[in-house]
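Reviewing the structure listed below.
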Amino acid sequence: MLTAQQALDHLLSHAQTVGESEKIAMQAALGRVLAENVNSLVDVPPLDNTSMDGYAVSAADTKNPGSTLKIAQRIPAGSMGTQLEAGTAARIFTGAPVPPGADAVVMQEDCSIEAQVDQVTINMAPTLGQWIRRRGEDLTAGKTCLTAGTFLRPQELGVAASAGLTHLNVKRRVKVAAFFTGDELALPGEPLKPGGIYNSNRDTLLACLKSLGCDATDLGIVPDRLDATRAALRKASKDHDLIITSGGVSVGEEDHIKPAVTAEGRLDLWQIAIKPGKPLAFGAVRKSDDPKDGKAWFIGLPGNPVSSFVTFLLFVRPFILKLQGREAKQPQSYFMRADFDWLKADRRNEFLRVKTNEQGGLDLFPNQSSGVLTSASWGDGLVDCPPNQPIKAGDLVKYIPFDALLK
């Protein structure tokens with residue numbers, strides 16, 4: 001079996017960024033991926049301006065604390081001052097342009113005002129450039145302010161707005177179809193037959209896809225039959241970049257994913273040395289009998305809910321990031337102290353559900369079964385435990401927060 005890293009490298013070696021893009025209004029661009037570099041239309045700030053309420057002065061006039069200057073002008077934000085004459089100061093407000101002749105701003109808390117005679121005493125000697133934001137120090141007109149492949153969060157949209165942009169060219173959404181196999185499955189709200197369970201993977205995986213900005217299609221529950229599985233694959237391949245399934249990837253008589261994918265396309269990868277999540281499949285499904293029509297990628301996830309969730313985070317997420325044109329880098333991880341014992345080391349790479357505690361360590365959920373989804377809800381991350389590696393309380397372990405795996 002491949003290691004987790006070998007399997008991930010194999011998946012990423014096949015992923016190719018979608019080619020199509022579209023220009024959309026910036027207000028609709030949240031969660032999209034830039035298709036091209038974006039250049040600023042303006043300098044930000046457009047002029048030297050003050051970052052404080054106070055008085056614009058010439059440092060030459062205020063070399064010594066206690067200098068008294070005439071208040072010659074008043075400059076609110078959105079207005080322009082005039083040339084600052086020697087021996088004068090300008091009352092200035094945050095964001096207002098610094099007038100010609102001024103080379104420092106003294107905040108009002110460091111000044112004493114004599115309002116009757118329009119004078120201000122500067123109680124400290126300012127340094128050159130003090131409290132002045134220079135023209136173009138944030139953005140420069142004609143220079144790149146956002147790069148292709150950037151996932152657009154609220155702060156990136158703010159940068160685009162400050163650059164004067166109204167529309168952005170973004171990659172089209174990656175189209176993902178998902179279906180779920182298992183005659184025992186039912187949807188919440190439906191009556192459960194004897195031996196039946198509610199399908200938790202549907203809502204978990206569809207939510208994960210939507211959080212990544214995908215266009216997700218729910219193809220529902222497919223019966224445990226080879227013909228039904230093949231038909232679902234053919235339907236899913238038509239208009240999608242990626243097909244994700246959950247369940248049916250083991251080797252039992254009712255597990256039809258492997259023969260179905262082999263019949264409708266190809267299977268490149270089958271089973272990896274991790275726990276939970278050993279039965280992970282990767283391949284491709286033909287869009288039609290004509291090779292020119294291309295293919296849809298296929299990733300088959302295990303049916304156990306924790307296995308499905310963990311393998312999505314570790315393998316499907318980076319694969320989708322690369323399809324989107326984003327950097328599929330390793331999630332941020334930390335070495336933290338284990339406040340638990342895990343002495344029954346497995347020969348596979350294990351991913352244990354844990355939660356940070358107030359003492360700065362990690363607690364272990366007591367039931368690490370792949371069917372106990374509450375372990376993932378209770379926890380805030382995973383411990384990446386190498387093969388054959390027992391853990392004793394006090395050991396430093398590699399901790400991957402769910403936040404890093406879900407963003």
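Everything numeric here is computed off the predicted structure, so don't read it as measured data.
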Fill in: Carboxylate-amine/guanidinium proximity below 4.0 Å for Arg337 and Asp339
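Yes.
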Discussion item. Closer than 4.0 angstrom, basic N to acidic O: yes or no for Arg32 and Glu22?
Written reply: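 A salt bridge is present here (some side-chain N lies under 4.0 Å from a carboxylate O).
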Worksheet item: Is there a salt bridge (Lys or Arg N to Asp or Glu O under 4.0 Å) between Arg202 and Asp218 once you walk through the steps?
Response: CA-CA 8 Å; Arg202 171 180 176 266; Asp218 176 17; 2.6 Å; yes
Could you report the tightest heavy-atom contact between [X] and [Y], atom names first, then the distance?
X: Ala29; Y: Leu157; value: CB-CD2, 3.9 Å
X: Ser333; Y: Ile400; value: CB-CG1, 4.0 Å
X: Leu313; Y: Leu405; value: CD2-O, 3.6 Å
X: Thr62; Y: Ser67; value: CA-OG, 3.7 Å
X: Leu192; Y: Ala186; value: CD2-CB, 3.9 Å
X: Thr147; Y: Asn37; value: CA-OD1, 3.3 Å

Worksheet item: Could you walk me through whether Lys278 and Asp346 pass the salt bridge (Lys or Arg N to Asp or Glu O under 4.0 Å) check?
Response: CA-CA 12 Å; Lys278 174 184 172 183; Asp346 196 274; over 6 Å; no
Practice prompt. Check each of Thr245, Leu219, Leu205, Val222 against Phe180 using the side chain to side chain contact (heavy atoms under 4.5 Å, CB included) test, and report the only one that passes.
Written response: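 That would be Leu205.
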Worksheet item: So among Ser308, Pro302, Ser370, Pro305, which one has a side chain to side chain contact (heavy atoms under 4.5 Å, CB included) with Pro276?
Response: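 For Pro276, the side chain to side chain contact (heavy atoms under 4.5 Å, CB included) test succeeds with only one of Ser308, Pro302, Ser370, Pro305, which is Ser370.
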Any donor and acceptor pair, going by atom type alone, linking the side chain of [X] with main-chain N or O of [Y] inside 3.5 Å?
X: Ser237; Y: Ala296; answer: no
X: Asp118; Y: Lys70; answer: no
X: Arg348; Y: Ile274; answer: yes
X: Thr262; Y: Lys258; answer: yes

Distance (rounded to the nearest 0.5 Å) between [X] [atom1] and [Y] [atom2]:
X: Ser13; Y: Lys322; atom1: OG; atom2: NZ; result: 7.0 Å
X: Ser21; Y: Leu34; atom1: OG; atom2: CG; result: 10.5 Å
X: Leu362; Y: Tyr334; atom1: CG; atom2: OH; result: 12.5 Å

Worksheet item: Taking Asn349 as the fixed residue, which of Asn388, Asp384, Thr3 is the one that meets the side-chain hydrogen bond (donor to acceptor under 3.5 Å, both in side chains) rule?
Response: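 Single pass found, and it is Asp384.
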Worksheet entry | Option passing side-chain hydrogen bond (donor to acceptor under 3.5 Å, both in side chains) with Thr217 (candidates Lys235, Lys175, His240) |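 Exactly one pass, corresponding to His240.
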Worksheet item: If we only count heavy atoms from C-beta on, is the Asp380 to Tyr399 side-chain gap below 4.5 Å?
Response: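 In short, these two side chains touch, coming nearer than 4.5 Å.
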Worksheet entry | No-hydrogen, no-angle side-chain donor-acceptor test under 3.5 Å, Glu350 and Trp342 |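 Looking only at side-chain atoms, Trp342 and Glu350 do form a donor-acceptor pair, the distance falling under 3.5 Å.
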Item to complete: Scan side-chain atoms only and decide if Asp43 and Thr140 contain a donor-acceptor pair under the 3.5 Å cut-off.
Response: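 Short answer, no.
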Worksheet item: Do Phe351 and Phe309 have ring centroids that are under 6.0 Å from one another?
Response: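 No; Phe351 has its ring centre 6.0 Å or more from that of Phe309.
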Item to complete: Give the intermediate values and the outcome of salt bridge (Lys or Arg N to Asp or Glu O under 4.0 Å) for residues Arg134 and Asp48.
Response: CA-CA 4 Å; Arg134 296 300 182 186; Asp48 291 355; 2.9 Å; yes
Practice prompt. Specify whether Trp297 and Phe282 have parallel, tilted or perpendicular ring planes, treating 30° as the upper limit for parallel and 60° as the lower limit for perpendicular.
Written response: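 The rings of Trp297 and Phe282 lie parallel, inter-plane angle below 30°.
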Item to complete: Determine whether more than 12 heavy atoms belonging to other residues, nucleotides or ligands lie under 6.0 Å from atom CD of Gln16.
Response: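 At most 12 heavy atoms, drawn from other residues, nucleotides or ligands, come within 6.0 Å of this atom.
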Discussion item. Walk me through whether Gln108 and Arg91 qualify under side-chain contact (heavy atoms from CB on, under 4.5 Å).
Written reply: CA-CA 9 Å; Gln108 59 192 23; Arg91 177 69 167 126; 2.9 Å; yes
